[in-house]
Each structure stands twice: as C-alpha cells, then as structure tokens.
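Lettering of chains follows the sequences in order, A, B, ..., and the numbering in each one begins at 1.
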2 protein chains.
Amino acid sequence: MQVAMAKRKTTPLKDFAPDGHHCSLDLKTTKLGMVSFFQDLEQDVLDEIVKRFTATHYREGDEIYYQGDPAHYLRVVVDGAAKLLRYTDEGKDVVLDILNPGSYFGSLKLLGSDVYTESAEAQSGCCILSIGLKDFREILQEYPSVGIAILEMSAEKLRSSQEQIKQLTTESVETRIANILLILTDKFGEVKEDKTLIQLPFSRKDLADMAGTTTESASRVMSNFQKEGIIETGRQWVAIKNIEMLRSIVEH
Amino acid sequence: MQVAMAKRKTTPLKDFAPDGHHCSLDLKTTKLGMVSFFQDLEQDVLDEIVKRFTATHYREGDEIYYQGDPAHYLRVVVDGAAKLLRYTDEGKDVVLDILNPGSYFGSLKLLGSDVYTESAEAQSGCCILSIGLKDFREILQEYPSVGIAILEMSAEKLRSSQEQIKQLTTESVETRIANILLILTDKFGEVKEDKTLIQLPFSRKDLADMAGTTTESASRVMSNFQKEGIIETGRQWVAIKNIEMLRSIVEH
DNA sequence: GTACTAAATTGATCTATATCATTTTGGTGC
DNA sequence: GCACCAAAATGATATAGATCAATTTAGTAC
C-alpha cells in the first residue's frame with residue numbers, strides 16, 4: 001500500500017489493521033489467550049470460549065460505544081488501540097486510558113442493567129472482541145479462575161487510576177507528560193535502531209486530554225523535550241530517544 | 001461521657017466508637033450482612049463467613065496499614081470511617097477516599113503476593129473487619145455470587161475514581177469542594193432540625209487533600225460557603241444548610 | 001516539485017490558585 | 001470564667017499554566 005521509496009519524510013507509523021482488514025479466527029484465539037484472565041485455561045477450553053466472542057473491526061476514529069449507551073458487552077482489544085474518554089458539557093474531553101491488545105473494557109455489570117459512564121473510540125484501526133454479559137457470566141460460573149483473574153485486573157486498573165489522581169494533584173504538566181510517554185512506550189513501544197517509536201497515532205490534543213492540560217501546553221513541553229534530544233516527534237507520532245531522561249524527570 | 005448541659009459551643013460530632021469500645025459479634029454480623037457482596041447470602045452461611053473475619057478497633061488517627069506493606073488482608077469498615085491516602089515524597093498527601101461502613105478496602109490480590117499502594121488510616125474511631133486473602137479466596141470459590149458482587153463493587157470504585165480524574169482536570173476548586181461535600185453528606189450525613197451534619201471529624205487539610213488543593217484555598221471556599229449560608233462549620237466539622245445550592249454549583 | 005490543510009508551534013497576555021506571612025478563633029481543660 | 005493552642009481565616013504576592021491570537025510546518029495528494 002505504501003510505495004515507500006521516497007526519501008521524503010512520511011509518518012513512521014505502520015498502517016496497521018487497515019480498512020477491509022478482517023480479524024481471523026486464529027488471531028482471535030491467539031490474542032484472547034494472551035489476555036491474562038484467560039491465560040490459565042487449557043487450549044480446548046479456550047477454543048470453546050473464543051467461539052462466544054464476536055470480532056469487530058473499527059477504523060481509526062470510529063466510535064465503539066458512547067457514554068450513556070446501555071452497557072451489555074465486555075470487550076477485549078486484540079489488535080490496535082482503543083481510547084476511553086469522557087466528554088464534558090463544556091466540550092473538554094478527558095482521556096481516561098489508551099488500551100493496548102490484551103486489555104479489557106466495557107461493562108462488568110453482571111446483574112441488573114447499566115449504562116456506560118465513558119465513551120470508547122478506536123485510536124487506530126483495531127480489532128475488538130466482544131461478549132454479551134450473560135455469556136460472560138456463564139463463563140465465570142464455569143471457570144472460577146477467570147473471575148479471580150479479572151478481579152485482579154480490575155484492582156490493577158483502580159490502582160493506575162489512583163496513580164493518575166496523585167499525579168494530577170501533585171505533579172507539574174511536564175512531569176505528567178513525561179510519565180504518559182513512559183506508559184505509552186511500555187504499551188506501544190517498538191524499538192528501532194536508535195529510538196523507540198510509539199506505534200500509535202496520537203495528537204497533541206490526545207496527549208493534553210490525557211495529562212489534563214491544553215494542547216498549547218502539551219505542545220510547549222514536547223517542543224522542549226525535542227530540543228533537549230529526549231524525543232523525536234511529528235504529526236501524530238512520537239519516538240523516544242532518551243528514555244533515561246524521561247525517567248529522571250518523572251522520578252524527581 | 002459528655003456531660004452535655006453547657007450552652008457553650010462544643011463540637012457537634014458524636015464521640016462514636018470511642019476508646020475501649022469493643023466490636024460485638026452481633027455488630028459484626030449485622031454490619032457484614034450490609035456489605036453488598038454478602039447481601040445475597042443466607043443467614044446461616046453469613047454466620048459461617050463472619051467467623052472467618054477478625055474485628056479490630058482503631059482510634060482516630062491510627063494507621064491501619066501503610067503503603068508498601070505486604071498486603072495480606074481484605075478489610076471491611078463496620079463502624080466509623082477509614083481514609084485511604086497516598087503520601088508523596090514531597091510530603092503532599094492525596095486522599096483517595098473516605099470509606100463509610102459497608103465499604104471494603106485493602107487487597108484483592110488473590111494469587112501471588114502484593115504490596116499496598118496506598119495507606120489506610122482511621123478517620124474516626126472505627127471498627128474494621130479483616131480476612132486473610134486465602135480464606136477469602138475459599139469463600140469466593142464456594143460462593144460465586146460473592147465474586148460477582150465484588151467485581152461490580154470494584155467496577156464502581158473504578159468509576160468513581162475516573163469521575164475524580166474528570167473533576168480534577170475540568171472543574172474549579174470551588175466546584176470540586178462542593179462535590180466532595182455532597183459525597184460526604186451522602187455517606188455520613190445525619191439530618192438534624194434544619195441542617196445535615198456530616199458525622200465525621202475532618203479538617204481543612206483533609207478536604208484540601210481530597211480536592212487536590214491547599215488548606216488555604218479550601219478554607220477560602222468554605223468561608224464563602226458559610227457567608228452565603230450554604231454551610232455551617234467549625235473545627236473538624238461541617239453541616240450542610242442548603243444542599244440545593246451545593247448541587248447547583250456542581251451541576252453547572 | 002507545488003499546493004493544500006490540519007496539526008503543531010510560538011508569542012503575548014491573563015487568571016486561578018499556590019505560596020508565604022500573619023492574625024483570629026473554636027474548642028478544650030482547668 | 002480564663003488560658004491555651006492548633007485549626008482556620010485572611011491578606012499580599014508570586015507563578016504555572018490557561019487563554020487568545022497568529023504563524024509555521026509536516027505530511028498528503030496531485
């Protein structure tokens with residue numbers, strides 16, 4: 001698709017899960033097995049469970065669900081990235097998380113009904129598996145280990161959300177952004193020769209909405225980081241050149 | 001204990017769960033039944049489960065556990081209030097939550113070992129039940145409904161934590177404080193003649209650490225609220241006189 | 001290569017809130 | 001009633017980061 005021979009600078013991001021892409025059953029199984037709450041299961045059990053999931057492909061920017069919608073599904077990212085956000089009345093978006101393959105999201109309201117409290121959107125082209133909550137409840141009852149694993153994952157989510165609260169109330173914008181870059185490197189980093197490319201289309205606005213600041217402030221911080229040789233960046237992409245310096249900004 | 005006959009102004013807070021107080025078995029059972037993850041169980045099953053919990057009484061200010069400690073217990077507040085917080089290196093505390101009776105806290109790390117990522121402290125004199133994680137795991141395996149209930153409670157915690165993130169990044173200090181007052185009224189409000197007393201000792205510093213601001217700013221906001229007749233307040237206590245005005249501050 | 005456009009940058013203010021420094025006061029113990 | 005003291009309030013000032021307003025530029029399409 002990309003006739004890469006120009007020396008002209010184009011986006012270094014790969015065009016993953018592009019249009020017309022289809023999530024194969026194989027991919028489904030492999031990826032679902034990766035998700036930690038299924039990782040203890042036998043292969044044949046896993047195969048059975050996979051059948052109960054439906055795969056859907058989304059293009060970058062597609063809405064997966066919208067806050068306020070009735071919540072009937074639990075979802076798992078198998079390829080690409082999804083973003084969880086809250087829109088506020090004043091039009092200020094808050095990005096709660098960017099999910100990498102293996103992460104679950106959606107609802108866990110197994111009894112009674114519920115409504116999504118956040119929206120989900122395809123950050124890149126992505127494949128998402130979904131399962132109805134009734135089906136998932138059956139799985140839980142059959143395989144208690146799944147329940148225990150998901151309980152821990154959800155505790156982990158709470159923890160990282162609390163960490164975010166701490167950061168917002170105690171750290172400067174620069175520190176918060178440095179921290180976000182580290183987290184994204186962990187989740188989406190792809191090591192190139194002399195740098196680590198964050199394999200994810202994301203703009204200054206995304207970054208600002210994650211850090212709880214404005215695009216302008218995010219831009220200023222990123223400009224400085226680039227001047228200091230810590231990162232290399234273009235439109236919608238960032239590569240980390242000196243992760244140690246980022247760490248030292250966050251540490252202290 | 002309190003020879004209440006003076007017209008002198010004293011703290012309107014009750015001296016609940018005072019020194020030497022002892023949590024009775026009855027209290028344990030009643031209160032534990034209230035906790036939503038046990039509320040579906042039969043009485044005799046509940047009785048069995050209660051036996052596996054240990055009750056401990058803490059005095060106001062006591063440390064329940066400290067961040068970094070190995071995490072072996074799941075706990076439930078049965079009386080009084082406990083505070084979850086993170087201490088930062090620079091000495092800025094962040095209050096993550098104030099827990100009322102019926103709330104659980106501590107660890108849910110059922111496999112492997114873990115370390116507390118926050119500290120817990122008795123906000124008032126309080127009774128706390130605790131159960132070892134191994135025991136709790138057995139309960140989970142025996143009663144799947146408990147697992148499902150706790151999964152939902154933990155999803156709910158995540159949600160309120162995300163709401164906090166939204167507030168921190170989009171709302172003013174005044175709005176955040178108004179919101180905290182509403183939440184505390186919900187959890188600890190006790191209706192008096194013309195006002196609702198928040199039955200909980202908590203200082204401007206606690207409030208500031210909850211709102212992600214400074215004691216001075218919190219104090220200024222509270223002074224204004226008092227001038228406008230929205231609240232009545234003294235040392236370590238607040239009563240709400242006009243909850244509608246608080247709501248309207250938060251709404252818009 | 002040229003034209004085009006949304007993303008990103010940069011600069012000049014403005015402002016909410018932090019910070020620093022006192023003073024005042026609520027509540028207790030005597 | 002009076003003394004005491006930490007909590008709370010208040011005032012003056014500083015500042016990080018928001019806001020407003022242009023430019024510049026990266027990347028795409030042709």
Side-chain angles (χ1 to χ4, degrees), chain A residues 1-15 18 60-61 88 90-93 167-177 201-209 211-227 231-239, chain B residues 1-15 18 60-61 88 90-94 167-177 201-209 211-228 231-239:
Chain A
M1 204 143 268
Q2 289 165 306
V3 200
M5 59 176 286
K7 46 180 64 174
R8 170 130 56 118
K9 204 171 171 188
T10 57
T11 181
L13 296 177
K14 73 173 172 196
D15 188 16
E60 187 177 326
T88 69
E90 301 92 40
K92 271 188 167 184
D93 302 347
Q167 297 245 346
L168 283 168
T169 57
T170 62
E171 310 290 1
S172 68
V173 166
E174 181 181 70
T175 307
R176 269 138 57 199
I177 287 182
F202 82 118
S203 64
R204 293 294 180 265
K205 178 166 192 320
D206 288 321
L207 186 58
D209 291 345
T213 182
T214 56
T215 45
E216 293 94 332
S217 291
S219 182
R220 280 182 239 272
V221 169
M222 294 295 271
S223 292
N224 289 339
F225 284 173
Q226 180 146 252
K227 266 175 216 141
I231 61 169
E232 213 176 300
T233 178
R235 292 194 178 193
Q236 319 250 43
W237 66 269
V238 189
Chain B
M1 201 144 271
Q2 289 164 307
V3 200
M5 60 176 285
K7 46 181 63 176
R8 170 130 56 117
K9 204 171 170 188
T10 56
T11 180
L13 296 177
K14 75 172 171 195
D15 187 16
E60 187 177 327
T88 69
E90 301 91 39
K92 270 187 168 187
D93 302 347
V94 180
Q167 297 245 347
L168 282 169
T169 57
T170 62
E171 310 290 1
S172 67
V173 167
E174 181 181 69
T175 306
R176 269 139 57 199
I177 286 183
F202 82 117
S203 64
R204 294 294 178 265
K205 177 164 193 319
D206 288 321
L207 186 57
D209 291 345
T213 182
T214 56
T215 46
E216 292 93 331
S217 292
S219 180
R220 280 182 240 272
V221 170
M222 294 295 271
S223 292
N224 290 339
F225 284 173
Q226 179 146 257
K227 268 176 214 141
E228 292 164 35
I231 62 169
E232 212 177 300
T233 179
R235 291 195 179 192
Q236 317 250 43
W237 64 271
V238 189

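- For the pair A:Glu60 CD and D:dT28 P, the interatomic distance rounds to 12 Å; values are reported in whole Å.
- The interatomic distance linking A:Glu174 (CD) with D:dT15 (C1') rounds to 16 Å, in whole Å.
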Cut-off 3.5 Å, no hydrogens considered: what does the side-chain donor-acceptor table look like for residues 214-222 of chain A, sequence neighbours left out?
residue: A:Thr214; atom: OG1; partner: A:Ser217; partner atom: N; Å: 3.2
residue: A:Thr214; atom: OG1; partner: A:Ser217; partner atom: OG; Å: 3.2

*asked:* Set out, in order, the CA-CA distance, both residues' side-chain angles and the distance that settles side chain to side chain contact (heavy atoms under 4.5 Å, CB included) for B:Lys205 and B:Asp93, then state yes or no.
replied: CA-CA 9 Å; B:Lys205 177 164 193 319; B:Asp93 302 347; 3.4 Å; yes
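- Rounded to 10 degrees, the angle separating the terminal axes of the helix from C:dG1-D:dC30 to C:dC30-D:dG1 is 50°, with each axis obtained from five end pairs.
- Here A:Ser172 lies in heavy-atom contact (under 4.0 Å) with sugar-phosphate atoms only.
- Atom CZ in A:Arg204 sits about 18 Å away from atom C1' in D:dA18, given to the nearest Å.
- The distance between atom CG of B:Leu207 and atom C1' of D:dA7, rounded to the nearest whole Å, is 13 Å.
- Side-chain N/O atoms of B:Ser219 include none lying less than 4.0 angstrom from OP1 or OP2 on D:dA8.
- Side chains of A:Lys92 and B:Thr169 form no contact here, defined as non-hydrogen atoms less than 4.5 Å apart.
- Distance B:Lys227 NZ to D:dA8 C1': 12 Å, rounded to the nearest Å.
- Between the P atom of D:dG17 and the CG atom of B:Leu168 lies a distance of 14 Å, rounded to the nearest Å.
- Side-chain contact between B:Leu207 and B:Ile177 is present, with at least one heavy-atom pair separated by less than 4.5 Å.
- Phosphate contact (OP1/OP2 of D:dG27, side-chain N/O of A:Trp237, threshold under 4.0 Å): present.
- For A:Ile177 and C:dA8, the CD1 to C1' distance is 13 Å, given to the nearest whole Å.
- Side-chain contact between A:Thr233 and A:Phe225 is absent, with no heavy atoms from C-beta onward closer than 4.5 Å.
- Nearest nucleotide to the side chain of B:Thr233, out of C:dT9, D:dA8, D:dA9: D:dA9.
- Minimum heavy-atom separation, B:Arg204 to B:Gly234: NH2-O, 4.2 Å.
- Note on A:Arg235: a base of the nucleic acid sits closer than 4.0 angstrom, heavy atoms only.
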Nucleotides 18-22 of chain C: which of its N/O atoms have a protein N/O under 3.5 Å away?
residue: C:dA18; atom: OP1; partner: B:Thr213; partner atom: OG1; Å: 3.1
residue: C:dA18; atom: OP2; partner: B:Thr213; partner atom: OG1; Å: 2.7
residue: C:dA18; atom: OP2; partner: B:Thr214; partner atom: OG1; Å: 3.3
residue: C:dA18; atom: OP2; partner: B:Ser217; partner atom: OG; Å: 2.5
residue: C:dT19; atom: O4; partner: B:Arg220; partner atom: NH2; Å: 2.9
residue: C:dC20; atom: N4; partner: B:Glu216; partner atom: OE2; Å: 3.3

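- Put simply, CD on B:Glu232 is 17 Å from C1' on D:dA9, counting in whole angstrom units.
- B:Ser223 comes within 4.0 angstrom of sugar-phosphate atoms only, judged by non-hydrogen atoms across all strands, and of no base.
- Remark: the B:Arg176 side chain and the B:Thr170 side chain contain no N/O donor-acceptor pair separated by less than 3.5 Å.
- The main-chain N or O of B:Asp206 is never found under 3.5 Å from a side-chain atom of B:Asp209 such that the two would form a donor-acceptor pair.
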